[in-house]
Q: 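One structure coming up, written as structure tokens, with questions to follow.
Just so it is clear, the values below take in all heavy atoms, side chains as well, and ignore hydrogens, waters and symmetry mates.
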Protein chains: 4
Amino acid sequence: MKQKRPKYLQIIDAAVIVIAENGYHHAQVSKIAKQAGVADGTIYLYFKNKEDILISLFQEKMGVFIEKIQQEIAGKDTAAEKLYMLIEKHFSLLAEDHHLAIVTQLELRQSNKDLRLRINEVLKGYLNILDSIIQTGKETSEFSEALDIRLARQMIFGTIDETVTTWVMNDQKFDLTALAGSVHELMIKGCGRV
Amino acid sequence: MKQKRPKYLQIIDAAVIVIAENGYHHAQVSKIAKQAGVADGTIYLYFKNKEDILISLFQEKMGVFIEKIQQEIAGKDTAAEKLYMLIEKHFSLLAEDHHLAIVTQLELRQSNKDLRLRINEVLKGYLNILDSIIQTGKETSEFSEALDIRLARQMIFGTIDETVTTWVMNDQKFDLTALAGSVHELMIKGCGRV
Amino acid sequence: MKQKRPKYLQIIDAAVIVIAENGYHHAQVSKIAKQAGVADGTIYLYFKNKEDILISLFQEKMGVFIEKIQQEIAGKDTAAEKLYMLIEKHFSLLAEDHHLAIVTQLELRQSNKDLRLRINEVLKGYLNILDSIIQTGKETSEFSEALDIRLARQMIFGTIDETVTTWVMNDQKFDLTALAGSVHELMIKGCGRV
Amino acid sequence: MKQKRPKYLQIIDAAVIVIAENGYHHAQVSKIAKQAGVADGTIYLYFKNKEDILISLFQEKMGVFIEKIQQEIAGKDTAAEKLYMLIEKHFSLLAEDHHLAIVTQLELRQSNKDLRLRINEVLKGYLNILDSIIQTGKETSEFSEALDIRLARQMIFGTIDETVTTWVMNDQKFDLTALAGSVHELMIKGCGRV
DNA sequence: GATGAATGAGATTTCATTCAT
DNA sequence: TATGAATGAAATCTCATTCAT
């Protein structure tokens, strides 16, 4: 018997769609409720307030994101392979969900400082994966032993993020996933031994 | 006789301060007017609307930014040296103006999609410099001939931007300019020949 | 076998506590239900709507109030003695139940005009006792024969009510019951023969 | 040249009318604005928020109230005469302004605890006049030297207030001002020497 | 009788922009 | 040019009540 999808997820998915299609500032609670097929007030049975929807949205989606990436890289031996899977998965997961891509790359960044600080907390889980890949790479001598982990992390995340944002800004016209190889190569060279 | 500073610039400088100190969403036109020492209505003699203030702000400040960077790299011979100056200047110019750093890295990103598209237009001038450095590097064989210019640009800009944002988010506690060397090294390795 | 306390009274007592502790405007039906240990919907099996809870509360509590006062004054001979018992009992009954005092003196007065008109209906039972005491006093010539019953009633009720309200507003810090004698003296002089 | 009536008073007068005619809970800011002939937003140029309108209303009206009463009693010699003027003026001022009477006796009492505490602050000015009349009466031996000032004040204010409220509740059908004499007599007897 | 998840109407306040002076 | 008082649209959230189980 198919279990009824909990309203909690129903609302989060509705929020992604509404924000992606209307923009952060035009994503009224009433629109989200309508999209989710519930009454306005029902939203507040599952979320404390509007901001809570957005944080939960990010946590929920980023949680799945991190989990999938961890599954993929667990089976890989080298840091280079792990990094490739991370980039490839990052690109493909967003390429598969255009709405989510718009929300994470453009709309959620319009939130205020407080919200962004809380989003950054969630983001730490992702950055920790990156750090551990880099650390592994240094230990196996795949990467330069002089490599500053924080800088390397900023390079990798900054490059990935900038690439995805460019792709979204260009209306997702080119094949994002196809870039994984080249981006990976750049990163590996940057991290690599001289 | 010293010319009276045009109100236009007076208002832009006021906007930078008000946005940096109050945040994008609390930077009301009336606050900017007060900081600039003019009446609310006066703002509209110099700017079409609030969005116009923000775009003008970015144009004005980015214009100076680009000009200074171009001056610095004009005297350098190699692509590597040019890239170093760009990174160093990028870091030092923002390190010198904390208000501006907050505005460009955090606050202006809360603007809506339309405004950010127009900001991206302004940003192109900066990215063009980057492209020409990379192109030069490829022509002189400093950089790999297989290097994808767009990807390299995204790596360099993404890394610089992520580094500055991290610095601002950490309340500008560490020495940003001191990172120029390490960041440059990473970029050069990423762009370099195998 | 002790009969199970009817839910009806259970809910009324819960309402007194919730209103006293949270204030009239924060006394949601759901809070009253929780305090009473029943489900929200159960409330509506015993009361027509929220207003009905409040009126019933006042009826129930005022009924006991009137009954006790009538018992006390029945044994007294003179109007003066009857009036003393009324004042003393009025003060002592509220001094014994701080929650109820807050509800009747402060919170229930925030109700709208309609509700207060209906509360006034209930109050008439009390005012009738007052009227009959005054009438008795006039007949026995304890009180001035020129005494206007309605005015005398307003004086007595107004004074008692104002005194209790002052006591509640001052966080019930002084001994309300101890004032019965002085208040009684004032009233007797006001009502008395020249 | 007739000076334009300040918007501040215009809005307060509008608030009295709207609250009297619609009841406290249906007196939306937009209704008050419409009645005052200004835009909704204009209200907030003169008042911090809705509660501020109500407090200002009470202060403004009570200020006039107190001033007029003080003028009247200043010319009187005995405490009894002063008390008579106070009662007579209290009744007549409210009898002249039915809207205001409804607002002070019924509607404003529906406000929350905070607001009522602030209203009580304003009321103190009135109660101080009462206290000084009673004090004077005691000093001139018009009143009993054993008279408790606080109790006497509660009797007088309680009786006046209860009388006015009864009058308002009865749709102002009887002649309130005509009661001044009888009420005064009651009070004087209550306060008087045995 | 009892439950409690779901409903949906309704109002305060902000702030970019205008325009008469 | 410069002013600043006035405008008015727009959206979050609460909570009394219902009804399927």
Q: For DNA chain F, report each stem as range with range, ordered by first number, or say none. Use Watson-Crick or G-U wobble pairs under 3.5 Å, at least 3 in a row.
A: E:2-21 with F:2-21
Q: Taking only residues at least two apart or on different chains, which pairs with a member in residues 101-110 of chain C satisfy salt bridge (charged side-chain N to carboxylate O under 4.0 Å, His left out)?
A: C:R109-C:D161
Q: When you check the phosphate oxygens OP1 and OP2 of F:dA2, does a side-chain N or O of B:K7 lie under 4.0 Å from one of them?
A: yes
Q: Could you pull out the protein-nucleic contacts involving nucleotides 17-21 of chain E (nitrogen or oxygen on both sides, under 3.5 Å)?
A:
from	atom 1	to	atom 2	distance (Å)
E:dT17	OP2	B:Y44	OH	3.0
E:dT17	OP2	B:K50	N	2.9

Q: Which atom pairs, one a donor and one an acceptor, fall under 3.5 Å between side chains of residues 114-123 of chain B and the rest of the protein, sequence neighbours left out?
A:
from	atom 1	to	atom 2	distance (Å)
B:R116	NE	B:S111	O	3.2
B:R116	NH1	A:L106	O	3.2
B:R116	NH2	A:L106	O	3.2
B:E121	OE2	B:K124	NZ	3.2

Q: Using a cut-off of 4.0 Å on non-hydrogen atoms, how would the nucleic acid contact of B:F47 be classed: base, sugar-phosphate, or nothing?
A: nothing
Q: Which atom names give the shortest non-hydrogen contact between D:T104 and D:L94, and what distance separates them?
A: OG1-CD2, 4.1 Å
Q: D:T42 or C:A27: which one's nearest nucleotide on DNA chain F is closer to the 5' end?
A: D:T42
Q: Kindly check if the number of other-residue, nucleotide or ligand heavy atoms within 6.0 Å of NE2 (C:H26) is above 12?
A: no
Q: Do A:K61 and A:D13 come close enough that some side-chain heavy atom pair is under 4.5 Å?
A: yes
Q: Answer yes or no: does a side-chain N or O of D:Y46 lie under 4.0 Å from OP1 or OP2 of F:dA5?
A: no
Q: Starting at the 5' end of DNA chain E, which residue's closest nucleotide do you reach first, B:Q28 or A:G37?
A: A:G37
Q: Return the 5'-most residue of the pair D:A39, B:A39 with respect to DNA chain F, ranking by each residue's nearest nucleotide.
A: B:A39
Q: Could you tell me the separation between the NE2 atom of D:H25 and the P atom of E:dT12, rounded to a whole number of Å?
A: 12 Å
Q: For residues 46-58 of chain B, dump all side-chain donor-acceptor pairs below 3.5 Å to protein atoms at least two apart in sequence or in another chain.
A:
from	atom 1	to	atom 2	distance (Å)
B:N49	OD1	B:E51	N	3.3
B:N49	OD1	B:D52	N	2.9
B:K50	NZ	B:A27	O	3.0
B:D52	OD1	B:S56	OG	3.4
B:D52	OD2	B:K48	N	2.9
B:S56	OG	B:D52	O	2.6

Q: Which pairs, with at least one residue in residues 18-40 of chain D and sequence neighbours excluded, count as a salt bridge (charged side-chain N to carboxylate O under 4.0 Å, His left out)?
A: none
